[in-house]
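See below for the structure under consideration.
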Amino acid sequence: RDFNERCAQCSEVNWGLTDGGRFYCRSCHNVTERTREVVNTDFITNSRVQTIAKGLRKQEKTDGDCEWYICEGFQLVLKKQVEALEALGVCPQMKDEILCNFWRCYLQKSKQAYCRRPAGETVKTLSVCESSTEVDSDPERPSLLHLLSLSESEGDLQTDCSIASSVSKVSESTSVYSGSVDGSLYLRKNQKEKLMMTMPMTLSFCYMALLWVREPITLSELLRFVVEGHIPYLNVFQHFPEKMKLCGLDLKIFCVESWPVYEEVFNKMHELAAFLDLPRFPDITESCFLHPDMLCMKYLMEANLPDELHNWTCRVVKKIGIGEVDFLTLTPGNKSTRKVKYDVLAAAVIVVVLKLLFLLDDHYEWLLSEFAEERNKNNPEVCMFYSGGPYFEFKKWYEVVKHSLDVEQKKLDEERAKHLWRCEKPLFYSVKNKSKVLKRRQMVVSLKNQFGKLSGSVQRAEKPNPSSFQLSWSEENTNGSCFHGHSLKGILQEKCGLLTVMNPDYWLCTVKLCNEKLCGHLAHYKEVEFPQSYHFVLRLFSFLLRIQPSYIHDEVCMIEHKLFNKKLCKKLKYNTVLRK
Amino acid sequence: SSNEHKLNFKKSKEACLNYIQDALLQKQWKRAAEFLTCYVEALEKDYSREHIGPSEMIWRIGTEILWHHSQSSMKEFNCFMEQMKTLGVKRYLKVCLEHVFHLLCNGQIDEAYQNLSLAESWRFGEQTAIQDKEMKLIQAYRGLLDYYSWSKQKNILLEQGEDGFSDLAVEQEMHGYFRKAAVNLKEIIKIPGVWDIFMKCYVDLLEFYGDHNEARQVLNEYAYNSKFPANPNAHVYLYQFLKRQGESKKSLISALKILHDIVPSHELMIDFNTMLQKSKKRKKRRLGLEVIFAALDYAGWKENAKAWSCLARQVKQIVISEKHLDWIKQEWNSRKDWWPAFHFSRYLAKRNWQENKSLSYEKALVAGILLGKDCKYFKYVSHQGCKAQLKRFRMLKRFVNKHSLVCLRISG
């Protein structure tokens with residue numbers, strides 16, 4: 001892969017490795033004498049290199065289809081994804097050095113390539129979407145229906161059984177259908193042992209690479225870019241080359257019918273890191289984007305909160321030690337440390353700070369707001385001159401932000417309802433239901449046209465440019481809707497030379513944390529049990545990070561328990577308010 | 001706001017349907033069309049487990065949008081319906097039928113007829129037997145349109161007859177339509193159901209051609225066969241037919257009995273009471289009183305002068321004869337708590353007097369008898385009437401005063 005000479009025969013620069021370790025040209029199959037120096041002994045010690053390109057080298061079938069393996073498909077997916085990331089501005093090393101190596105390591109560890117094929121795992125050449133086959137019928141081979149029912153899909157492809165079952169009735173003795181060579185094998189394998197690839201897992205790979213390089217993209221941002229279409233995920237298989245026919249069980253693997261879930265991608269990533277036996281990741285230091293101090297600054301800006309709050313977030317971060325390098329840096333395989341969700345953590349810190357300053361019990365914050373309003377009214381010039389900005393009024397902030405949040409949420413909800421899942425490329429299970437699928441597709445297109453015309457002048461909005469900020473507030477607006485420069489003076493006081501809050505109280509979200517390993521959460525969030533201001537703040541960050549409020553609530557609980565650890569140990573009996 | 005960040009195909013389409021539903025309810029056709037455009041890809045998935053699948057959804061929603069949208073034409077509508085017919089074999093006849101309804105609403109009778117004929121000739125294996133009911137409906141509606149054509153021919157014939165002409169061709173055509181219509185209409189009314197429109201047409205045909213026996217038979221079946229759902233109109237049609245035939249009061253009365261049971265507030269109750277009042281049989285007269293009281297329990301009758309005059313007449317007659325005062329007492333027993341406020345308030349007295357003197361007269365008579373001469377209503381109206389020097393009000397006052405003792409016995 002570091003070989004950049006042009007091929008003697010076709011002048012292409014498209015090299016692969018043969019079994020013997022020699023370079024060959026992928027375009028014209030010209031084999032050279034150059035051998036590849038073994039660069040990284042970790043990967044290729046004592047093992048026969050089985051290149052992925054092997055499948056493509058096989059004789060192409062007369063109808064132009066080729067044999068391909070599932071992991072080749074995933075490799076293509078990853079390639080597309082990382083190219084998209086590059087287009088977003090991620091450093092180019094990510095593709096060629098980081099992700100590539102991770103991928104190769106994965107292939108080796110999961111014995112899908114770069115290793116001796118384990119005995120007894122011969123992959124029979126299965127029929128490629130043709131009804132007549134030359135394959136011996138294997139009574140042990142599970143039927144199409146059985147395989148489809150294995151996974152707990154919500155009935156998406158399972159319901160297509162009705163189409164498939166009619167097919168399998170006709171040719172019960174033939175093997176299962178898949179365009180790929182090992183589609184059925186892939187689904188059959190015990191998922192836990194070998195960590196088989198799934199579409200969500202491609203995002204885990206991406207995130208892992210991003211984390212390794214310490215790019216300023218959080219997981220929630222990555223997933224948001226996926227949903228917004230900037231990173232291929234939904235119908236990425238349409239970029240597969242024509243020769244790679246996708247049908248049958250391949251659809252189950254590559255067709256996505258739900259958006260990736262934060263938790264799933266996050267957990268998978270850690271599983272993957274451990275599986276690959278990766279060493280400790282590069283340090284996350286104070287100057288890193290992913291450090292809570294940095295992320296808090298970003299989120300404070302996005303939430304339209306005063307910059308002064310940043311001092312407080314830093315104080316909290318320092319006090320509970322979540323800014324430490326060892327806490328933040330990922331060490332795969334270390335099960336004792338809690339895995340860090342950088343974005344959720346930062347959001348939770350802000351929530352805690354808001355609670356510290358404003359209490360957020362549906363009373364105190366409004367009271368403070370009234371005082372601030374009074375002061376602002378009485379001394380407008382004095383305020384501006386001395387403290388650099390008007391007193392921060394919670395009420396005004398709430399109204400402004402709520403309005404924007406509601407508008408954006410409404411837009412988001414509509415987008416979700418209007419989301420189109422299918423792409424231009426139609427999918428079929430087998431040749432038999434191809435005509436039916438095409439007919440349906442025709443009808444869909446015609447109906448779309450008919451009703452599209454009646455939709456009026458509403459055009460489908462162009463994909464918005466990917467942006468890091470979803471809500472933006474300009475200080476130039478004279479209507480006072482930007483609160484960045486506002487002052488917290490009204491709610492702070494000086495005590496012994498230190499600036500502390502006037503609010504003497506604090507309420508804990510929960511007195512006792514749950515056992516995360518047992519029930520999956522540190523606490524259980526029910527909207528009705530908490531003040532509305534608190535819920536609003538959770539809702540705000542829930543929207544920004546595109547995750548459930550309960551995840552943020554969990555982190556808030558965790559932070560609070562760290563913060564008030566001593567007092568908690570002493571006063572376990574008291575249920576509600578603690579004095580600071 | 002949706003807190004559900006786990007989004008998949010199914011949920012996404014469910015949400016889409018919600019938006020469509022909202023838009024339809026608010027008659028925002030453009031918006032509904034916009035969301036429907038996003039929904040149609042659901043067709044490519046099989047929802048065989050769901051109660052209503054996407055194809056049916058799209059048919060129903062699409063029909064609504066195309067019917068109401070200002071920019072949609074009949075041509076587009078028809079094209080869409082044809083597509084929908086191919087979408088679901090199990091629904092084929094239903095879609096045809098609904099299409100026909102829309103054509104009829106749009107006045108396209110001929111196209112509707114063509115579609116019905118086409119649908120009638122449709123065959124599709126076992127589906128034909130399964131969709132038997134829909135097929136019968138299609139035939140029935142074709143019969144209906146045949147009746148409509150017959151009716152047109154009949155009118156032409158009648159006009160020509162007046163002018164002295166007689167066109168054999170028109171007559172033949174008319175008979176032809178009759179035959180076609182009769183066959184289909186007869187079939188549908190055999191099946192238990194509510195077939196008012198078919199009944200009316202069929203009976204009309206039978207009467208025209210003089211087959212009164214058949215008419216009587218089907219009307220009786222329609223009204224009295226317990227398999228058929230209770231339908232007040234069945235009794236109305238039977239009654240009207242019998243009346244046209246000049247049947248005896250006895251059979252007319254028996255025809256209206258069940259109607260009174262099902263719909264005591266029916267407008268025919270006046271006719272019913274009138275017949276019953278005049279009957280020689282005591283039981284019938286008793287029933288008459290019950291009928292008219294029951295009718296006036298309903299708010300829709302409050303200002304019906306004719307009804308009040310029926311009641312007034314009967315009650316007056318009873319008071320004069322002093323026989324059967326207990327009838328009035330029985331009827332009044334369950335009403336004395338609420339009728340005074342419902343019918344005989346001072347406010348109503350004023351209003352009735354202003355708006356309708358005859359109504360107030362009849363009501364005052366009833367009030368005076370039931371509540372006595374001191375009741376608000378009677379006092380006000382009779383006072384006003386005497387002031388206006390209207391003779392009948394003076395006589396009313398005299399009557400009630402004369403029979404005040406009797407009235408006392410009633411009001412108890």
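By the 6.0 Å contact criterion, CD on B:Glu187 is enclosed, its count of non-hydrogen atoms from other residues, nucleotides or ligands being greater than 12. Within 6.0 Å of CD1 on B:Ile197 lie no more than 12 heavy atoms contributed by other residues, nucleotides or ligands. Around OH of A:Tyr398, the count of heavy atoms belonging to other residues, nucleotides or ligands within 6.0 Å exceeds 12. Within 6.0 Å of the CD atom in A:Gln442, the count of heavy atoms belonging to other residues, nucleotides or ligands does not exceed 12. Residue-environment remark: NZ (B:Lys190) exceeds the threshold of 12 foreign heavy atoms within 6.0 Å. Surrounding NE2 of A:His524 are more than 12 heavy atoms belonging to other residues, nucleotides or ligands, all under 6.0 Å away. Within 6.0 Å of the CD atom in B:Gln26, the count of heavy atoms belonging to other residues, nucleotides or ligands exceeds 12. Under a cut-off of 6.0 angstrom, the local environment of NZ in B:Lys154 is crowded, with over 12 non-hydrogen atoms contributed by other residues, nucleotides or ligands.
Here the closest non-hydrogen pair linking B:Cys38 and A:Ala417 is CB-O, 4.5 Å. The shortest heavy-atom contact between A:Gln450 and B:Phe80 is OE1-CD1, 3.7 Å. For the residue pair A:Lys448 and B:Val40, the shortest heavy atom distance occurs at CG-CG2, 3.5 Å. For the pair A:Phe451 and B:Ala33, the tightest heavy-atom approach, listed with the atom from each and the gap, is O-CB, 3.7 Å.
Under the 3.5 Å distance criterion, the side-chain polar atoms of B:Glu44 are left unmatched by any main-chain donor or acceptor of A:Val437. Side-chain atoms of A:Arg440 come within 3.5 Å of backbone N or O of B:Leu43 as a donor-acceptor pair. With hydrogens and angles ignored, the 3.5 Å screen pairs a side-chain donor or acceptor of B:Ser12 with a backbone N or O of A:Arg416.
Note on ring orientation: taking the six-membered ring where Trp is involved, the planes of A:Trp421 and B:Phe9 are tilted (angle from 30° to 60°).
Within the 4.5 Å cutoff, side-chain heavy atoms of A:Lys418 are placed close to those of B:Glu34. Counting heavy atoms from C-beta outward, B:Leu7 and A:Ser258 have side chains that stay 4.5 Å or more apart.
Atoms CG and NE2, on B:Asn8 and A:His419 in that order, are 12.0 Å from each other to the nearest 0.5 Å. Summarising the geometry, atom CG belonging to A:Asp413 is positioned 11.0 Å from atom CG belonging to B:Asn18; distances are rounded to the nearest 0.5 Å. We find the CG-CG distance between B:Leu36 and A:Leu447 to be 7.5 Å, quoted to the nearest 0.5 Å.
The part of B:Ile58 that comes within reach of chain A is its side chain, from C-beta onward, which places non-hydrogen atoms under 4.5 angstrom from that chain. Only the backbone of A:Lys453 comes within less than 4.5 Å of a heavy atom in chain B; its side chain stays farther off.
Judged as a salt bridge (Lys or Arg N to Asp or Glu O under 4.0 Å), the pairs with a partner in residues 94-113 of chain B (not counting sequence neighbours) are, in order, B:Arg60-B:Glu98.
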Show which side-chain atoms of residues 64-72 of chain B pair as donor or acceptor with protein atoms under 3.5 Å away, not counting sequence neighbours.
unit_1: B:His68; atom_1: ND1; unit_2: B:Glu64; atom_2: O; d: 3.0
unit_1: B:His69; atom_1: ND1; unit_2: B:Gln71; atom_2: N; d: 3.0
unit_1: B:His69; atom_1: NE2; unit_2: A:Leu454; atom_2: O; d: 2.9
unit_1: B:Ser72; atom_1: OG; unit_2: B:Leu66; atom_2: O; d: 2.8

